[in-house]
Number of protein chains: 2
Amino acid sequence: MARESSRPGITDVARLAGVSLSTVSRAMNGNPTVDPALAERVLAAAAELGYTANPVARSLVLGRTQTVAVVIPDLENPTFQAILRGLSRAATTDGYHVLIADSREDLDEEHALARATRLRTDGVILCAPRMPEEELATLLPALSPAVVINRGPQVSTPVVGADYGSGMREIVDHLTSLGHRRLVYLAGATRSVTHRARQEAIAAAVSRTAGLDVEEISAGVDFDSGTAVADQVLASGATAVIAYNDLVAMGLLSALTVRRVDVPERLSITGFDDIPFAAYTSPPLTTAAVPAVEIGAAAWSAMHAQLTGGEPTPALTLTPSLVVRGSTAAPHDV
Amino acid sequence: MARESSRPGITDVARLAGVSLSTVSRAMNGNPTVDPALAERVLAAAAELGYTANPVARSLVLGRTQTVAVVIPDLENPTFQAILRGLSRAATTDGYHVLIADSREDLDEEHALARATRLRTDGVILCAPRMPEEELATLLPALSPAVVINRGPQVSTPVVGADYGSGMREIVDHLTSLGHRRLVYLAGATRSVTHRARQEAIAAAVSRTAGLDVEEISAGVDFDSGTAVADQVLASGATAVIAYNDLVAMGLLSALTVRRVDVPERLSITGFDDIPFAAYTSPPLTTAAVPAVEIGAAAWSAMHAQLTGGEPTPALTLTPSLVVRGSTAAPHDV
DNA sequence: CTGTTAGCGCATTCAC
DNA sequence: GTGAATGCGCTAACAG
């Protein structure tokens, strides 16, 4: 068998350098107990052969893969993309690899994917806004170490996310201070944790603001959901619409443009997330900017801390900031 | 040592089922040579213990990881995101995992990432539009099996991509048929293969269209690049602008809106790619739609074919389709 | 059909 | 300081 064509193994290096396997291993890993002269010879041999230790074999013996998994509900969603980006770049900086798993909004799949990917990685970052609390609680121990994104506090699993309640409060306050009293909230994923946070913030605003009325309309989480509810929104008599997120807001905006309804003159619209294109719709979208890239980076930090046995990262909640742009204005009637 | 807390190994299952390791292995892998009754007992034991074969150990012995790497120049680019999405979903369907590597536009990093990720995967899908041809040629053999995206034909490496020349020809024809004769081409990544394809298509159009003049202006590939060249574009005296891609077109559009330059009345603008938001700018963008998700899926097919030793996939080139929207119209002067 | 044996490629005890 | 042996957890030859 001509093993010439195969990747060189540690044995080949050992032979070329005239030393044992152990010495090659030690030298390659910078173990200081090896004679400098020998180490150099080994490294030279390795370089000559173009040798690199087989990561799979190392993973088996070391019990770690230098890889983490990221489970995302929808790779098409700009916010998840941004989280993934922030995470991926931070992980790469620390020498880790990232396995992605797109659950395509399938809850069963999500659970299975998380478990399956955990077997070939050192930990999983779980982005599962819709998974029931109990299911999450039973899943997390099997995933450990794990990091959860945009969920409530978890037992012994770090959570990083944005404060959707705070963002929503700012949005409502912005609209009421403009003079709006009749609002519509376009509910998205009603089973999601972030929906409940939004909802509670709205309820709180209603109870503390005289004359404020917020009607909830079921929509979805994507562009088409926004276009689909346009007529319902118009029929509601509201002067401002709080969309579940930017995609829904943009879909609505698009449908309203078709219907020649002026925004913000006749209807104000707000989004949530501040995805890259929110600033470039016309009018540009007033929204609550969620620092998604930072969330991704923070999620990595929390994972890295667990992986290296460092200080356990406390739960981290980033605060969205209100970005006022052209899609909101005082109601016409006021 | 209480190994109770550790993941159950094949040995534990063997003991519980009262059989040997081999039998467990065979039963777990559905090997038909095992007695049905025994197999059932093994599977029951495995289920009771919650046993799943360790993928890392399997990878080592089988020499395959059931994972492929995708090297992307920029995870922020919507087109690459779409390719990744199409690829990831197709790979998942076939039971494969996807490792992502974002080279962040760093050419050296790109090369290193490709080699490094290859060591822990069964193949790499390389999206490296800017890598010099010679470098690519030396890199590919080390990556094999590999699939290359949006490049010219390669020796013994499948290529999948879009026909940028064709898309550009359609764009130019569209503009000239509207009556435009003075155009500007906003060049993006000038070292990229797809830039050259665009450029050649433009040159061909110029040589066959009487009175057609296309000025090339260096821009970049992102939104800001588009805004940055707005004044230069206005000074050129052109009646239509062919942007490198949708992002550049949108940036330019945004800058022109600020300058109160009417599009398409005073200036027509075209993009390229048809990213998700191209349809929702105002005016919506005329562009050449690149089937990015399909490219990703096709790239996976090409990889899968190599992995399973099936028919080698021939080079596949998908044709972009011109999507005429509101950002183009006949020039005002004509 | 099943059990025993031998690696996959490497890191790490343990002797020297 | 260095080499020889052991095993990470599993699959695949090899006997029986």
Side-chain angles (χ1 to χ4, degrees), chain A residues 1 3-43 45-46 49-67 95 116 118-122, chain B residues 1 3-46 49-67 116 118-122:
Chain A
M1 290 301 181
R3 58 179 314 169
E4 322 299 327
S5 67
S6 178
R7 261 172 40 74
I10 196 172
T11 312
D12 303 305
V13 180
R15 196 171 353 156
L16 181 58
V19 297
S20 72
L21 300 191
S22 331
T23 301
V24 174
S25 175
R26 288 192 271 253
M28 293 301 292
N29 293 313
N31 188 320
T33 72
V34 58
D35 184 287
L38 252 197
E40 195 172 347
R41 215 166 78 210
V42 170
L43 262 28
L49 265 41
Y51 169 78
T52 312
N54 181 329
V56 177
R58 300 197 76 212
S59 294
L60 182 60
V61 63
L62 294 177
R64 57 184 157 78
T65 61
Q66 294 288 111
T67 304
R118 175 62 179 88
L119 298 177
R120 37 186 88 234
T121 60
D122 300 339
Chain B
M1 290 304 175
R3 59 177 315 170
E4 321 300 326
S5 69
S6 179
R7 260 171 41 75
I10 195 171
T11 312
D12 304 305
V13 180
R15 196 171 354 154
L16 180 59
V19 297
S20 72
L21 301 190
S22 337
T23 301
V24 175
S25 175
R26 287 191 273 253
M28 294 301 292
N29 294 312
N31 188 319
T33 72
V34 57
D35 183 287
L38 253 197
E40 194 172 347
R41 214 166 79 210
V42 169
L43 262 27
L49 265 41
Y51 169 78
T52 313
N54 181 329
V56 176
R58 299 197 76 212
S59 294
L60 182 60
V61 63
L62 294 177
R64 57 184 157 78
T65 61
Q66 295 287 109
T67 305
R118 176 62 179 86
L119 297 178
R120 36 186 87 233
T121 60
D122 300 339

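To find a chain, count down the sequence lines: A is the first, B the second, and so on, and within it residues start at 1.
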TODO: Please tell me which of the listed nucleotides, D/dT2, C/dT2, D/dC10, lies nearest to the side chain of A/Val34?
DONE: D/dT2
TODO: Check every atom of C/dT2, D/dC10, C/dC8 against the side chain of B/Leu60 and return the nucleotide holding the closest atom.
DONE: C/dC8
TODO: Give the rounded distance in Å between these two atoms: CG of B/Leu38 and C1' of C/dC1.
DONE: 9 Å
Open item on the list: So, does A/Thr33 get its side chain near the phosphate of D/dG1, meaning an N or O under 4.0 Å from OP1 or OP2?
Closed with: no
Open item on the list: Could you report the tightest heavy-atom contact between A/Val13 and A/Val42, atom names first, then the distance?
Closed with: CG1-O, 3.9 Å
Show me the donor-acceptor pairs within less than 3.5 Å that the side chains of residues 50-62 of chain A make with the rest of the protein, sequence neighbours left out.
residue : atom : partner : partner atom : Å
A/Asn54 : OD1  : A/Val56 : N            : 2.7
A/Asn54 : OD1  : A/Ala57 : N            : 3.3
A/Arg58 : NH2  : A/Asn29 : OD1          : 3.2
A/Ser59 : OG   : A/Pro55 : O            : 2.8
A/Ser59 : OG   : A/Arg64 : O            : 3.4

Open item on the list: Rounded to whole Å, how long is the line connecting atom CZ of A/Arg7 with atom P of C/dG9?
Closed with: 9 Å
Task: Relative orientation of the end axes in the helix from C/dC1-D/dG16 to C/dC16-D/dG1, expressed as an angle to the nearest 10° (five pairs per end) - done: 50°
TODO: Specify the separation, in whole Å, of atom CG of A/Asn54 and atom C1' of C/dG9.
DONE: 6 Å
Open item on the list: Please enumerate all residues that pass side-chain contact (heavy atoms from CB on, under 4.5 Å) together with B/Arg26, with sequence neighbours excluded.
Closed with: B/Ser22, B/Thr23, B/Asn31, B/Thr33
Task: Whole-Å distance separating the CD1 atom of B/Ile10 from the P atom of C/dT5 - done: 16 Å
Open item on the list: Please find the pair of heavy atoms, one from B/Ala17 and one from B/Arg41, that lie closest to each other, and give the distance.
Closed with: O-NH2, 2.8 Å
Task: Set of residues satisfying side-chain contact (heavy atoms from CB on, under 4.5 Å) with respect to B/Arg118, sequence neighbours excluded - done: B/Thr121, B/Val124, B/Leu143, B/Pro145
TODO: List the steps and the verdict of side-chain contact (heavy atoms from CB on, under 4.5 Å) for B/Arg7 and A/Leu119.
DONE: CA-CA 10 Å; B/Arg7 260 171 41 75; A/Leu119 298 177; 3.4 Å; yes
- [ ] Please check the phosphate of C/dT4 (OP1 and OP2 only) for any side-chain N or O of B/Ser20 closer than 4.0 Å.
- [x] no
Task: Residue B/Ala57, side-chain atoms from C-beta onward, closest of C/dT2, D/dC10, C/dC8 - done: D/dC10
Task: B/Arg120 CZ - C/dG9 C1' separation (whole Å) - done: 14 Å
Task: Gap between atoms CE and P, on A/Met28 and C/dA11 respectively (whole Å) - done: 8 Å
Do any N or O atoms of the protein come closer than 3.5 Å to N or O atoms of nucleotides 12-16 of chain D, and which pairs are they?
residue : atom : partner : partner atom : Å
D/dA12  : N6   : B/Ser22 : OG           : 3.3
D/dA13  : N6   : B/Arg26 : NH1          : 3.4

Open item on the list: Without decimals, in angstroms, what is the distance between A/Tyr51 OH and C/dC10 C1'?
Closed with: 7 Å
Task: Rounded distance (Å) that lies between atom P of D/dC10 and atom CG of A/Leu119 - done: 10 Å
TODO: Output yes when at least one side-chain N/O atom of B/Arg58 is less than 4.0 Å from OP1 or OP2 of D/dC10, else no.
DONE: no
- [ ] Using a heavy-atom cut-off of under 4.0 Å over every strand shown, decide if B/Val19 touches base, sugar-phosphate, or nothing.
- [x] sugar-phosphate
- [ ] Could you tell me whether a side-chain N or O of B/Arg120 sits under 3.5 Å from a main-chain N or O of A/Thr65, the two making a donor and an acceptor?
- [x] yes
TODO: Write down the atom of A/Thr11, the atom of A/Leu21, and the distance for their closest heavy-atom approach.
DONE: CA-CD2, 3.6 Å
Task: Contacts of B/Asp35 that satisfy side-chain hydrogen bond (donor to acceptor under 3.5 Å, both in side chains) - sequence neighbours left out - done: none
TODO: For residues B/Ala27 and B/Val34, report the shortest heavy-atom separation together with the two atoms involved.
DONE: CA-CG1, 4.3 Å
